[in-house]
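In what follows, chains are A, B, ... by sequence order, proteins preceding strands, each numbered from 1. Computation of the quantities below employed the complete heavy-atom set of this structure, encompassing side-chain atoms and omitting hydrogens, waters and symmetry-equivalent molecules.
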Amino acid sequence: MDAYELLTRNAEEVVTDEEVRDLAEDAAGKRAYVGYEPSGVLHLGHLLTANKLIDLQEAGMEVVILLADVHAYLNEKGSFEDIRETAEQMKAQFLAYGLDEELTEFVYGSEFQLEDDYTLDLHHLERETTMNRAQRAMAEIQGDETAKVSHLVYPLMQTLDIEYLDLDLAVGGLDQRKVHMLAREKLPELDYEVRPAIHTPIVANLTDGEGKMSSSEGITISMEDSTDELEDKVNSAYCPPTRDPEPSEDGTERENPVLELFEYHVFPRFDEIVVERPEKYGGDLTYDDYEDLAADLESGDLHPADAKGTLATYLDELIAPGREKLYELRD
RNA sequence: CCGCCCUUAGCUCAGACUGGUAGAGCAGUCGACUGUAGAUCGACUUGCCCCCCGUUCAAAUCGGGGAGGGCGGACCA
């Protein structure tokens with residue numbers, strides 16, 4: 001797989017394709033980042049962007065993971081002590097998941113976001129940005145109630161992070177796109193360079209295939225799930241035998257979350273997927289390509305129940321090292 | 001600083017005028033049916049009614065005080 005393909009596979013959006021092609025020309029040593037508000041337990045949403053980071057490392061890029069403690073503080077996620085503790089757990093889980101330690105730099109936001117230059121640039125950016133614009137950038141992340149001033153500062157800091165971390169590429173879930181667009185628009189106004197962005201998809205809600213899987217509601221698969229819990233969760237997932245489910249009664253678009261998990265989490269990390277199946281249902285199946293599996297589900301050659309059992313097995317394997325690390329840290 | 005509105009189940013809210021310790025929808029849980037889930041049936045669960053004080057035999061409900069949230073006005077030095 002060439003660098004461009006590694007950079008863009010499974011990406012929902014690439015901004016812009018030309019810039020990313022240029023980057024892929026000479027990817028080795030270039031720096032990409034994702035920022036996370038520290039959380040004690042990684043869930044599949046984190047791992048989806050982590051998969052992309054692994055792709056980038058495979059292409060020779062350096063990866064910066066921003067442990068966004070100041071952002072977490074702005075978002076009222078606890079004291080700096082608590083935030084740091086969960087951040088350290090998060091870091092350990094990422095490494096256990098398979099990020100290359102040599103090519104991964106973990107940076108706390110507070111290491112540079114409280115410096116004079118940064119602060120002054122932040123104020124500059126505040127002058128250049130309307131409240132309306134900042135609020136819209138934050139809407140996806142914030143979700144809930146009335147905006148506070150902290151919520152407006154939040155995306156502005158993300159914008160500056162891209163400059164101050166000396167990056168060549170920003171990575172994030174599609175929920176970050178408005179922030180990244182704001183950054184692309186505003187960085188030049190401060191005489192800084194524009195960087196391309198790559199956005200990963202957001203996996204649909206496991207229960208009903210609608211909207212997106214969220215850690216705040218519905219079922220979330222995370223690093224702390226036991227094998228049994230994981231099997232139960234996958235088994236309860238919405239999974240019609242098609243890759244393109246009908247919209248729900250109220251007209252909401254639906255996806256097949258089981259297929260999405262195969263596509264975005266399983267196939268990128270395994271060369272070969274074996275569906276273990278009793279003789280009575282036709283015996284084992286082997287796939288090395290997502291499309292083949294999806295086609296078999298569609299045609300009925302692969303029953304959803306067998307797909308789910310297989311999915312649970314592989315997800316468990318992906319999560320196991322991080323889970324062990326997490327349990328170890330908690331003792 | 002002033003005024004108005006809101007706070008009841010996980011969520012959206014009804015109940016308050018006419019006191020008798022609570023309801024609906026959605027969500028959730030469990031069965032049945034499907035070799036998964038969903039859909040569909042069937043059953044079930046859930047509450048410091050924001051807090052404190054008072055009136056009363058009895059307060060989610062009435063009175064007073066307070067907290068949190070929302071909206072508006074004024075000031076324009």
For [N] versus [M], give the span between their [atom1] atoms, rounded off to a whole number of Å.
| N | M | atom1 | answer |
| --- | --- | --- | --- |
| B/A9 | B/U45 | C1' | 10 Å |
| B/U46 | B/G25 | P | 16 Å |
| B/C5 | B/C52 | P | 24 Å |
| B/C48 | B/A22 | C1' | 15 Å |
| B/G31 | B/C71 | C1' | 49 Å |
| B/U7 | B/C49 | C1' | 10 Å |
| B/C33 | B/G38 | P | 14 Å |
| B/C53 | B/C2 | C1' | 26 Å |

Paired with [N]: which nucleotide, if any, by Watson-Crick or G-U wobble criteria at under 3.5 Å for both distances?
| N | answer |
| --- | --- |
| B/G72 | B/C2 |
| B/G19 | none |
| B/U55 | none |
| B/G10 | B/C26 |
| B/U36 | none |

Students should find that the hydrophobic cluster of A/L6, defined by side-chain heavy atoms under 4.5 Å apart, otherwise consists of A/M1
From the list A/Q113, A/Q158, A/E111, side-chain contact (heavy atoms from CB on, under 4.5 Å) with A/L66 holds only for A/Q113
Checking A/Y287, A/F270, A/F262 against A/Y314 for ring-ring contact (aromatic ring centres under 6.0 Å, His included), the one that qualifies is A/F270
Exercise for review: Identify whether NZ of Lys or CZ of Arg in A/R269 sits under 6.0 Å from the centre of the six-membered ring of A/Y97 and within 45° of that ring's axis.
Suggested key: yes
task: State, yes or no, whether a side-chain contact exists between A/P38 and A/I83 at a heavy-atom distance under 4.5 Å.
output: yes
For nucleotides 35-41 of chain B, 5' to 3', base contacts (B), sugar-phosphate-only contacts (S) and non-contacts (-) with protein non-hydrogen atoms under 4.0 Å give BBBSS--
So CG of A/L311 and CG of A/L261: to nearest 0.5 Å the spacing works out to 5.5 Å
Residue pairs meeting ring-ring contact (aromatic ring centres under 6.0 Å, His included), one or both in residues 294-313 of chain A, sequence neighbours left out, come to none
